[in-house]
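Note sheet for the following structure.
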Amino acid sequence: MANTKRRTVLKVALGSAGVAASPVLAGGAGSAAATPNRGPDLVGVGDTSITVEFDDKLRSRVALKGTNVTRFDAGEALLLGNRAIDTFAYRSHQTRKTWHPLHGGGIQVTIQGDSAEGVRKTVELTSFERLAGMVVMTVTYTNLSGAVLNVTGWRNGAHELLDAPGGFYTFSGTTHEDRRDWVQQMTDGFAQENSLGMVSSDYGGGTPLATVWRRDAGLSIGHVEPVARILRMPVRRTGGGASIAIEGDTPRALQPGKQLTTDTTFLTAHPRDHFVPLQRYRQYMGDIGQRAPETPSAAVEPIWCAWGYERGFTVEQIVGTLPKVADVGLKWAVLDDGWQTNEGDWDINTQKFPRGEADMRAFTKQIRDAGLRPRLWWAPLAADPDSNLFRQRPDMLLLDRDGNKQVVTWWDAFTLCPAYEPTVDYFVAQARKFIRDWGYEGLKIDGQHLNAVIPCHNPAHGHARPEESTEGVARFWKRVYDAVHKANRDAVVELCPCGTAFAFHNLPYVDQYPASDPLSSYQVRTKGKTMRAMMGSGSSYAGDHVELSDGGDDFASSYGVGAVLSTKFTYPQASPNDPYVLTPEKEVFWRKWVGLYKKNMLSTGEYRGELYDIGFDKPEAHVVAKDKTLHYAFYADRWHGKVELRGLGRSLYRLTDPFNGVSLGTVDAQHNTVKVTFEQFQIIVAEPIS
């Protein structure tokens with residue numbers, strides 16, 4: 001089909017259950033019914049959810065289920081400083097069925113066009129049958145101008161989701177130093193760069209996906225490279241809607257006849273929020289081996305952490321609390337920050353453990369004797385200025401292009417390079433010792449610097465490319481994960497990157513992902529929805545200490561999204577103004593929630609995030625399926641009215657409020673609403689009546 005400009009639209013037919021059937025190519029008049037109101041000179045690719053079409057200037061338009069949600073936009077561009085080459089006269093296109101050994105069958109379209117500046121753009125788009133709603137894209141620019149082009153970067157997937165009543169919401173998988181919400185309403189003037197690089201010396205990285213959505217449609221973009229990339233995914237509220245794109249900085253002098261190929265990016269169109277796009281991203285990455293590990297059963301057991309006593313704890317305080325921890329029904333006891341002499345050496349503080357390792361082994365035995373599992377807090381890849389590690393091994397430091405060290409702000413330490421083999425070996429040996437020699441059954445690994453790092457320019461490391469450090473973070477975690485599980489195959493590795501957005505490429509080497517210092521109950525819930533999409537059923541997401549939630553006691557927000565319950569109460573009272581003491585009144589409440597959690601174990605259920613929109617559905621709603629029973633959770637400051645129970649099957653369902661122990665009647669799929677009045681939360685169990 002080279003050098004033609006006939007109307008050609010490609011469709012992938014999907015089965016009724018959303019399972020892809022065989023690809024179907026349609027062209028000419030025969031495709032008109034499937035793609036109405038299309039112009040005469042279009043070429044595109046898609047499935048029954050998404051269609052991406054290009055016009056004769058190689059501008060692209062996105063449709064969701066046959067309805068245009070964008071205009072024709074300059075979706076791809078080569079950037080030269082303040083100038084963009086983004087208009088290309090159509091030259092040719094080719095279409096073919098394709099088979100990928102990992103992703104399966106699909107349709108691939110290759111489109112070419114030439115710019116007035118003498119640049120040829122080749123766009124390769126692939127729609128895989130099993131990844132509904134997702135189009136994967138790479139773009140190659142060839143310099144045919146005869147002159148050197150001073151390229152600064154590229155842009156893919158740049159579209160403006162058209163305005164609609166109700167406004168817009170956005171999700172970003174990137175890190176911000178102020179630890180803002182991952183899901184936000186896009187008010188007038190809203191703009192967010194969403195960099196996957198470092199936004200400060202120790203904050204950065206994340207999951208390479210961003211979303212903008214309105215009530216009936218959304219767009220998501222990102223990359224599907226097997227290693228972390230330093231890209232941007234800017235979103236902005238515009239006069240005509242909400243814009244989104246993915247951009248890469250690739251400064252180079254593009255010589256005549258040479259090519260530049262972008263990272264592999266993707267675009268999805270979808271109804272509702274970011275949950276389904278994250279599922280598609282997870283499925284794609286799972287195909288290439290980036291998937292969550294099989295979760296140890298211990299990773300869903302409820303947690304007590306000694307951080308309520310903070311760094312000034314005494315061993316006697318912790319040991320004295322253990323009987324109450326077990327009596328309340330918790331299963332983990334976590335020794336937090338303060339057991340060590342410094343971050344770096346990780347020597348035992350002999351003021352607290354006078355006999356050193358002998359006392360540490362005795363301590364873990366006391367935890368097990370209380371019927372609990374011991375877990376140890378640790379913050380690797382950092383060295384305090386007064387540590388022996390810093391003084392004796394400066395070669396381990398991560399240095400920027402100017403030779404500057406990278407500060408870990410919370411501990412006044414410096415970041416070490418995760419791609420330098422001596423650094424890796426040093427911390428792997430520590431992890432092995434904690435589990436094999438000291439008797440810990442899990443690690444709570446903590447610190448915002450653990451999510452991502454800058455490119456490393458330390459000459460001692462001999463990096464082939466500075467970006468090896470950025471890409472090496474995930475490989476560092478793999479080495480730690482493998483060492484821990486070799487020492488104890490049932491051990492639990494928890495990673496808490498302190499308020500950052502989890503870097504997806506690290507997560508295959510982690511057993512438990514906490515809410516990571518949430519600033520509100522809303523963050524507990526939205527992070528929970530996000531992590532369940534990214535990691536799938538069976539993964540372990542923990543709500544972090546309940547004391548960080550609204551009111552310091554909002555177990556409901558963790559429970560309703562299927563999160564593992566966690567607390568840092570003290571007992572007995574540690575000081576006259578102790579805010580975390582487990583009073584008799586609190587104890588009744590704590591026991592009730594822990595008992596409900598252990599009875600239903602929603603952490604092991606299937607989170608049905610596709611059923612409700614976190615932005616537009618009111619009240620906020622979540623549902624977890626356990627076998628054929630559906631567990632609903634609704635949240636609002638105050639609510640009086642009907643709530644809709646989505647996802648019901650063909651049965652009649654008996655409704656109960658398990659927290660208050662009352663019946664709420666019966667419903668079925670055709671009559672699926674119930675009237676409730678509540679403050680803060682409402683839990684509803686829908687159990688099929690056989």
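Count residues from 1 along the sequence.
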Evaluation steps, side chain to side chain contact (heavy atoms under 4.5 Å, CB included), between N194 and H176: CA-CA 8 Å; N194 295 331; H176 298 87; 3.6 Å; yes

Trace of the side-chain hydrogen bond (donor to acceptor under 3.5 Å, both in side chains) decision for Q184 with Q192: CA-CA 11 Å; Q184 302 172 74; Q192 195 162 276; 3.0 Å; yes

Set of side chain to side chain contact (heavy atoms under 4.5 Å, CB included) partners for [X], sequence neighbours left out:
X	value
P271	L64
V667	L645, L648, Y653, L655
L519	R179, Q523

Distance in Å, M285 CE paired with L278 CG, rounded so as to fall on 0.5 Å steps: 12.0 Å

Interatomic distance, E587 atom CD to D327 atom CG [nearest 0.5 angstrom]: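 The CD atom of E587 sits 6.5 Å away from the CG atom of D327.
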
Tell me if the [atom1] atom of [X] is crowded by more than 12 foreign heavy atoms within 6.0 Å.
X	atom1	answer
K65	NZ	no
K592	NZ	yes
H100	NE2	yes

Do the rings of [X] and [Y] sit parallel, tilted or perpendicular, given the 30° and 60° boundaries?
X	Y	result
W304	F569	tilted
F589	F659	perpendicular
H103	F128	tilted

Is any side-chain N of the basic residue among [X] and [Y] closer than 4.0 Å to the acidic one's carboxylate O?
X	Y	value
D482	K478	yes
R646	D617	yes
D553	K586	no
K618	E620	no
R130	D287	yes

F681 ring center within less than 6.0 Å of W593 ring center: yes

Pair F168 + F190: ring centers closer than 6.0 Å: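 That pair fails the under 6.0 Å test.
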
Contacts of type ring pair (Phe, Tyr, Trp, His ring centres under 6.0 Å), residue Y635, not counting sequence neighbours: H622

Selection residues 507-552 - residue pairs positive for ring pair (Phe, Tyr, Trp, His ring centres under 6.0 Å), sequence neighbours left out: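 Output for this query is empty, none listed.
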
Criterion side-chain hydrogen bond (donor to acceptor under 3.5 Å, both in side chains) on S603 and Y597, from CA distance to verdict: CA-CA 9 Å; S603 56; Y597 172 82; 2.8 Å; yes

Pairs involving residues 663-675, ordered by first then second residue, that meet salt bridge (charged side-chain N to carboxylate O under 4.0 Å, His left out) (sequence neighbours left out): none

Check for a donor-acceptor pair, side chain of [X] on one end and backbone N or O of [Y] on the other, with a separation under 3.5 Å.
X	Y	value
H223	I246	no
T295	G538	yes
K529	F275	no
T170	T211	yes
K626	N600	yes
D47	G133	yes

Under 3.5 Å side-chain donor-acceptor pair for S220 and H274: no

Worked check of side chain to side chain contact (heavy atoms under 4.5 Å, CB included) between R373 and V492: CA-CA 10 Å; R373 298 179 184 273; V492 172; over 6 Å; no

Residue pair W213, F616: steps toward the side chain to side chain contact (heavy atoms under 4.5 Å, CB included) verdict: CA-CA 10 Å; W213 76 95; F616 289 102; 3.6 Å; yes

Verdict with reasoning, I221 to T265, per side chain to side chain contact (heavy atoms under 4.5 Å, CB included): CA-CA 7 Å; I221 51 86; T265 63; over 6 Å; no

